[in-house]
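First the structure, in the form of structure tokens, and then the observations on it.
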Amino acid sequence: MSVRDNTNRRLKEVLDIMAAGSWQDDKPNGGEVLAEAVARIPFTKEESELLSGGIPRGHKNLTKATADLVKAGWMTKGRGGWAITDNGLRATVAFSTVEKLSDALSNGTLIPAGTELPEKPAGTPAAKTAPAKQPSVKAATAPAAAKEQAGDSGVVLGEQPASVALVGDFGTTLGAEKNWDPSHAAVQMTLDSIGGLWQLTADLPAGQYNYKAVVNGSWDENYGAFGLLDGANHEFSHAGGPVTFHYNHATKDLLRG
């Protein structure tokens with residue numbers, strides 16, 4: 001079976017996994033979806049080959065292929081994670097096999113009119129009801145990385161780490177003594193108390209770069225591609241100039257914007 005065939009099989013799994021997750025309160029993030037798809041359809045020896053940045057060839061192919069699902073309007077990607085759309089759910093009904101799905105994506109085939117949403121699977125747990133809020137027993141403290149804090153927008157942010165470092169092969173460019181050192185002040189990100197994102201803007205020369213997020217100053221908790229713990233390095237090609245990095249501790253995504 002070809003690499004493309006295997007990627008198509010995993011892409012079908014991605015849509016099916018997200019469809020199953022749509023019935024649950026806790027939606028899986030992009031990294032979890034990809035990891036589950038790969039667990040169901042393991043990489044071949046060729047697909048396991050590591051590319052620059054330590055990312056398996058199969059992972060890169062699959063991530064690139066998910067853009068077709070977005071283009072078709074069957075899923076969305078955002079800082080809050082991935083979500084399947086109603087048309088994406090209908091696609092699991094209209095294009096129920098790998099061959100039908102891949103052909104539809106390749107040819108831009110529309111979902112037939114009147115296609116119903118899939119029925120909720122039997123045995124799916126009922127949606128949880130949020131408990132009533134109880135008065136706080138003790139006053140909240142307000143350190144730089146408070147576990148919960150309200151921004152100027154009034155939105156209460158979730159638990160935040162004490163620090164997040166942007167480590168990579170450009171650390172010395174930022175002013176660190178060596179690359180990949182999470183302890184240097186020059187690579188520490190700053191928490192935006194309004195949006196809940198950690199940010200750092202760097203002026204980088206043109207080149208190919210690799211990077212990760214290190215939480216609380218220790219490599220024991222580091223996040224790479226797809227927001228995975230101990231995941232492969234993020235990698236990108238840069239034309240030169242300022243670039244802003246955003247780390248979301250809720251999703252563990254480290255994005256550029």
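Minimum interatomic distance between H249 and Q160 (heavy atoms only, all atoms of both residues): CB-OE1, 3.7 Å. In this structure, N222 and G231 approach most closely via the heavy-atom pair OD1-N, 4.4 Å. The shortest non-hydrogen separation linking S48 to P56 is O-CB, 4.3 Å. A pairwise comparison of heavy atoms in I84 and S22 identifies CG2-CB, 3.9 Å as the closest pair. Summarising the geometry of H59 relative to V38, their closest heavy-atom pair is CE1-CG2, 4.2 Å, with the distance given to 0.1 Å.
In summary, K252 and E221 do not engage in a salt bridge, as defined by a charged side-chain N under 4.0 Å from a carboxylate O. A salt bridge links R57 and E49; the closest N-O separation between the charged side-chain nitrogens and carboxylate oxygens is under 4.0 Å. For the pair E13 and R9, the salt-bridge criterion is not met [side-chain N within less than 4.0 Å of a carboxylate O].
Taking the centre of each ring, Y209 and H234 stay at or above the 6.0 Å mark. Ring centers of W74 and F95: under 6.0 Å apart, within the cut-off.
F236 and Y211 have perpendicular rings, their planes meeting at more than 60° on a 0 to 90° scale where under 30° would count as parallel.
Both L105 and L62 sit in one connected hydrophobic cluster of ILVMFWY residues. Membership requires side-chain heavy atoms under 4.5 Å apart, directly or through other members. V167 is not connected to L229 by any chain of hydrophobic side-chain contacts under 4.5 Å among Ile, Leu, Val, Met, Phe, Trp and Tyr, and they are in different clusters. Residues Y223 and W180 do not share a hydrophobic cluster, defined by chaining ILVMFWY side chains whose heavy atoms lie under 4.5 Å apart. In terms of hydrophobic clustering, with Ile, Leu, Val, Met, Phe, Trp and Tyr side chains grouped at heavy-atom distances under 4.5 Å, V93 and L101 are assigned to different clusters. In terms of hydrophobic clustering, with Ile, Leu, Val, Met, Phe, Trp and Tyr side chains grouped at heavy-atom distances under 4.5 Å, M75 and V98 are assigned to different clusters.
Looking only at atom types and distance, the side chain of D5 has a donor-acceptor partner in the side chain of S2 under 3.5 Å away. Residues T85 and N87 have side chains that never bring a donor and an acceptor to within less than 3.5 angstrom of each other.
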message = Evaluate V215 against S163 for side-chain contact (heavy atoms from CB on, under 4.5 Å), listing each step before the verdict.
response = CA-CA 6 Å; V215 174; S163 68; over 6 Å; no
ask   = side-chain contact (heavy atoms from CB on, under 4.5 Å) between M18 and W82: does it pass, once the steps are laid out?
value = CA-CA 8 Å; M18 294 182 67; W82 294 4; 3.8 Å; yes
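With L174 as the fixed residue, the side-chain contact (heavy atoms from CB on, under 4.5 Å) test singles out one of V187, N179, D203: V187.
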